Every structure is written in C-alpha cells, then in structure tokens.
There are 4 protein chains.
Amino acid sequence: MIISIDVSNGLAIYDQIVRQIKFAVASGIILPGELVPSVREMAKQTAVNPNTVSRAYRELQSEGILEVVRGTGLQVSTGALKQCRKDRQGLIQERLRAVLKEAQQSQLEVDDIRQLIEAELARLNGKGTSK
Amino acid sequence: MIISIDVSNGLAIYDQIVRQIKFAVASGIILPGELVPSVREMAKQTAVNPNTVSRAYRELQSEGILEVVRGTGLQVSTGALKQCRKDRQGLIQERLRAVLKEAQQSQLEVDDIRQLIEAELARLNGKGTSK
Amino acid sequence: MIISIDVSNGLAIYDQIVRQIKFAVASGIILPGELVPSVREMAKQTAVNPNTVSRAYRELQSEGILEVVRGTGLQVSTGALKQCRKDRQGLIQERLRAVLKEAQQSQLEVDDIRQLIEAELARLNGKGTSK
Amino acid sequence: MIISIDVSNGLAIYDQIVRQIKFAVASGIILPGELVPSVREMAKQTAVNPNTVSRAYRELQSEGILEVVRGTGLQVSTGALKQCRKDRQGLIQERLRAVLKEAQQSQLEVDDIRQLIEAELARLNGKGTSK
DNA sequence: GTGGTCTAGACCACC
DNA sequence: GTGGTCTAGACCACG
C-alpha cells in the first residue's frame, strides 16, 4: 500500500492518510485481518510526523475500520471492507446530490445537466480506454 | 438581497458572504452598477462583526466583483455578472468531473452512475414541484 | 476648460480636480486673471458634490494658484503659470528619479534602462504623429 | 531578510510588508521553498500587530507568492521568483511610460527629456560608486 | 509551535 | 454617511 502526501493541497495530512487507507480497503488493496504499517513505519514512509500518523489511525479506529491487536499492531477489522464501500458509495451519492442541486439552482436545465454529465463520462472513458 | 449566515457549518463567515454575493450577482438579484449594502449595514443585518464583512468585501474587490466608489460605497463592477456566471459554471463542471471520476474508480458501472443521477434528479424535481 | 472625473480610479475626486486645473494652467488652457467656473457651476458640470469642488478650490488657494476676487469669484493668480510649470517639472523630475532608482535596484543595467526609455519614447512619438 | 516599516509614509503597513517580500523574492534574498518568518516572529521583528502581518501574508498567498505548509509555516512558492521579477519589470515599465507621457504633454522636447534622464542616471551612479 | 478566523473598538480620509 | 487600516485579545485546527 502506497500513501502519498501532498502538503500544499489544503487537506489536512491526517485526513489524506485516512482517506487513502479507506480507499485501499474499499479497493481490496488491503484486506480485513491484514496489518497496516506501524505508526513509525508509516511516518518514515510518508516523511510525516508520527503524531500525525497516529491521529489518522486513531480516527480510523474510532470509525471501526482499524482495530488494535495487542502487542502486534493495527489490523483492518472484519466489517471494514463493506463499511468502506458503503461509505464511499454514500459519500459519492451525497456529493452528487450537492452538485446536482447547485447546478439546478444556476438555471441549468435538466437536459443541459445530462449533457454535461455524458460529456464528462465520455471524457473519462476515452481517457481510460486509450491508456 | 438577503445574506444568511450559519456560524456552525465549517465555512468561514467571510466566505459565506463572498459566496452568497457571487450567487446574487450570478442570479441577477443584484446588478452591475448597483451598490451592495454598506459594511456597517450588512454587519447589522447578519449580526456579524463589521471587520468580517469588510474582509468579505475586500475579497470580492480583489476578484474584481466589487469596486469602491469613494465615500459612497461599493458597487457591483461591470464585468461581474459574466464573471460570476462563468465561475459558477466552471465550479460545477469541475466538481461534477471529480465526483464522476471517483464514482468510476469505485467499480461503479456507467449505467449504475446514470441510474444514481436520474434518481437524484427525480428527487430534486419532486421536491421542487411538490413545494 | 473641461474637467472629467473618474469615480472609480482610486484618486480622490478633489485631487483629480486640483490636478486638472493645475494642468490647465500649466498648459495655458486657462490664463492668469481669468476666472475659474464657480463652485456650483463646476459641481454641476462634473456631477460632483459642491463640497468636493469647494475643497479642491481651497487647496488651490492655499497653494497660491487661485485667488478670490470678492463678489466675483476665483481667478488664476499672476504667478500661477510659472508655478504650475515648475511644479509640473519638479513633479516629473521626482517621479523620473524614483522610477530610475527602482529600475537600478532591480538589476537592470543602465543600457537596458536607456533602451527601455527609447522604446517608450518611440511608442509615444509613433502614437503622437500617427494621430 | 530584513523588513523595515515606516508608519508615516502613507503606505499601509501591510502593503509595505507585501512589497518588501516581493522585492526579497525578486532579488533572490529568499528562495522558492524557503519559509518566510512566522507571523508572530515577523510581528515581533517589525513591532507590528500579528494581524497586520497576517493580512500581508494572506495577500501574498492570494497572489500565489506564498503557500501554506500546514502546521509548519508559509513558504515561497515555486513560480514566485519568476512572477515577482515579471511584476517588478512590468511595474517599472508602466511607471516609466506614465512619466514620459506626462513629460511630453508638458512641452518638454525629447532631447530635454533625455538630458534629464542622463542627469538622473549620473546622480544615481555617482551616489552608488561613491558609497 | 504554525496559520486562520473572529470580535471589539479605535482612527483616518473622503463625500 | 462611506470604506480602509490598525491594534488587542481570543479561540481553533494542525503538526
């Protein structure tokens, strides 16, 4: 699992770690039962303050994504995969709703919105297949 | 023009003012050449410190949305309407692209995405017409 | 004499009036002994608050450019032409010095500066003659 | 980097800070990637309120000269050097053009202007070498 | 420790 | 009356 940090993108570093681990879990890159890198290890890898990694892990524990294995480290918990997928789905849905709502408030017709979306989907697919 | 502030939504107060004024300009609620409420007036209206309003107005000046008329107040500048509309459009497009991209990365099929979108659009329209 | 005011250029209105009258005197557009328009007249002409015109005239009186003719109005004083010319000269010289100094502080070589100047002079002359 | 404030020169304090930092960047006194003094540090150094320093830094951020490194400070951004140099050059050119234009409007012959300039350049150089 | 935001209250120039 | 600037002091999130 590779975590890459961008210090100057406005997002808190701990939050970048949280999101990327959730993403890794949702995508099956790291499976329930597997250990995440230790705080020190991750801190070295990402050149980040251990406090910050620790905070990210704490956050993930409180959300039930990670759980302590005494004397061993932190592992991805059993329900984490399903939860991360659902989170992801929910988050996407929420953001989709927000942007659609705003689009409508801006005098955009429903058909204009659909057109915009199809254009963007085509763009993404074009990029994806050509790669 | 009515500006409503929500102190506990995470967004900075000055930013809420900035956005709502841009929205008002983009929507034609306030036209180029018209004066925005004075700093003190707006501060009273929104129960916010005048400095905070001033900061929002300064931000809008530096973006070319507002301009000072010495001793008289701040007026919406000539190019503001077009600029705010374009900003708004660009912002929506960008956010749409981001969420669609993320949706695709989450193993959602294009048709699933379309279905989600239609559901959300229906929700919005239902809300709109029933109200 | 035509005075034109630009409310949104940052310069105080009264100052714009002061400068334009000095310019008119220096250029011989208005001669010593001639009356300037009355406060009310000028205020109407320029669509400016009479207080503001009054302030400009006061400024010009205190600099000795204008003088009261009791019951008649304000006239350009005898020494005004020479003084305005000198002022103008001095002001230009001062600004020239300031900009040259700054240019030198910015690692510009003397010859680069000369080149820049010649380019600008050519531009101005080109414009002037072609007009 | 030394920032010196003159409270009684008409220029706003925050603007003096902005200009001097731009100057320092343009001159290579402070390089892209380096941190500027912290808000509190700079405030102590210049005997100015931290808010005022903060405002100057905010201004520089919005112009893309500085960028935040969360919890660490503000660093000179990558493109800042080039940008500051260009700004500086453009500003000088603009002011040069303005003063030359005004000089010509004042019945000064081109050769008189050249003479004035050479005199000023000599003055500056004399000062520079004698120092 | 860092910057970001906000409030409160003051003074200024300009109209 | 208008905006612009500054100070003082407080609280927050982040590292």
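A, B, ... follow the sequence lines: proteins, then strands. Residue 1 opens every chain. What you see below is based on every heavy atom in this structure, not just the backbone, and it leaves out hydrogens, waters and symmetry mates. Note that this is a predicted model, so its numbers are computed, not measured.
Checking D:G71 against D:A12, the closest nucleotide of DNA chain F that is more toward the 5' end is the one next to D:A12. The residue among D:P50 and B:L74 whose nearest nucleotide of DNA chain F lies closer to the 5′ end is B:L74. Residues C:N51 and B:L11 each lie close to DNA chain E; by heavy-atom proximity, the contact nearer the 5' end of the strand is made by B:L11.
The side chain of B:I13 lies closest to E:dT7, out of F:dT7, F:dG4, E:dT7. In this structure, the nucleotide among F:dT5, F:dG15, E:dT7 sitting nearest to the side chain of B:N49 is E:dT7.
Separating the CG atom of D:L35 from the C1' atom of E:dG1 is a distance of 12 Å, rounded to the nearest angstrom. Remark: C1' of F:dC6 and CZ of B:R58 are 11 Å apart, rounded to the nearest angstrom. In this entry the distance linking NZ of D:K44 with C1' of F:dT7 reads 18 Å, nearest Å. Separating the CG atom of C:D6 from the C1' atom of E:dC14 is a distance of 16 Å, rounded to the nearest angstrom. Between the CZ atom of B:R70 and the C1' atom of F:dG3 there is a distance of 9 Å, given to the nearest Å. We find that CD1 of B:I17 is positioned 9 Å from P of E:dT7, with the value rounded to whole Å. To the nearest angstrom, P of F:dT5 lies 16 Å from OH of B:Y57. Rounded to whole Å, the distance from CG on B:N9 to P on E:dC6 is 11 Å.
Note that CD1 of C:I17 and NZ of C:K22 are 13.5 Å apart. Values are rounded to the nearest 0.5 Å.
Taking side-chain N and O atoms only, B:T52 has a distance below 4.0 Å to OP1 or OP2 of E:dT7. Side-chain nitrogen and oxygen atoms of B:S38 include at least one within less than 4.0 Å of the OP1 or OP2 phosphate oxygen of F:dT2. Taking only side-chain nitrogens and oxygens, C:Y14 never comes nearer than 4.0 Å to OP1 or OP2 of E:dC15. Close to F:dG15, at under 4.0 Å from its OP1 or OP2, lies no side-chain N or O of D:T72.
Remark: F:dG1 base-pairs with E:dC14. Criterion, Watson-Crick or G-U wobble with two distances under 3.5 Å.
Within 3.5 Å, a donor on the side chain of B:R40 pairs with an acceptor on the base of F:dG3, or the reverse.
D:Q83 places a side-chain N or O within 3.5 Å of a backbone atom of D:E63 that can act as its donor or acceptor partner. Judged purely by atom type and a 3.5 angstrom limit, B:S54 has no side-chain atom pairing as donor or acceptor with the backbone of B:P50. The main-chain N or O of C:V69 is never found under 3.5 Å from a side-chain atom of C:Q75 such that the two would form a donor-acceptor pair.
Side-chain contact check for A:Q61 and A:E67: no donor-acceptor pair (N or O, by modelled atom type) lies under 3.5 Å. No side-chain donor from either of A:D6 and A:S4 sits under 3.5 Å from a side-chain acceptor of the other.
Across all strands, D:R55 comes closer than 4.0 Å only to sugar-phosphate atoms, never to a base (heavy-atom distances). If you check every strand for non-hydrogen atoms under 4.0 Å, B:Q61 touches sugar and phosphate atoms only.
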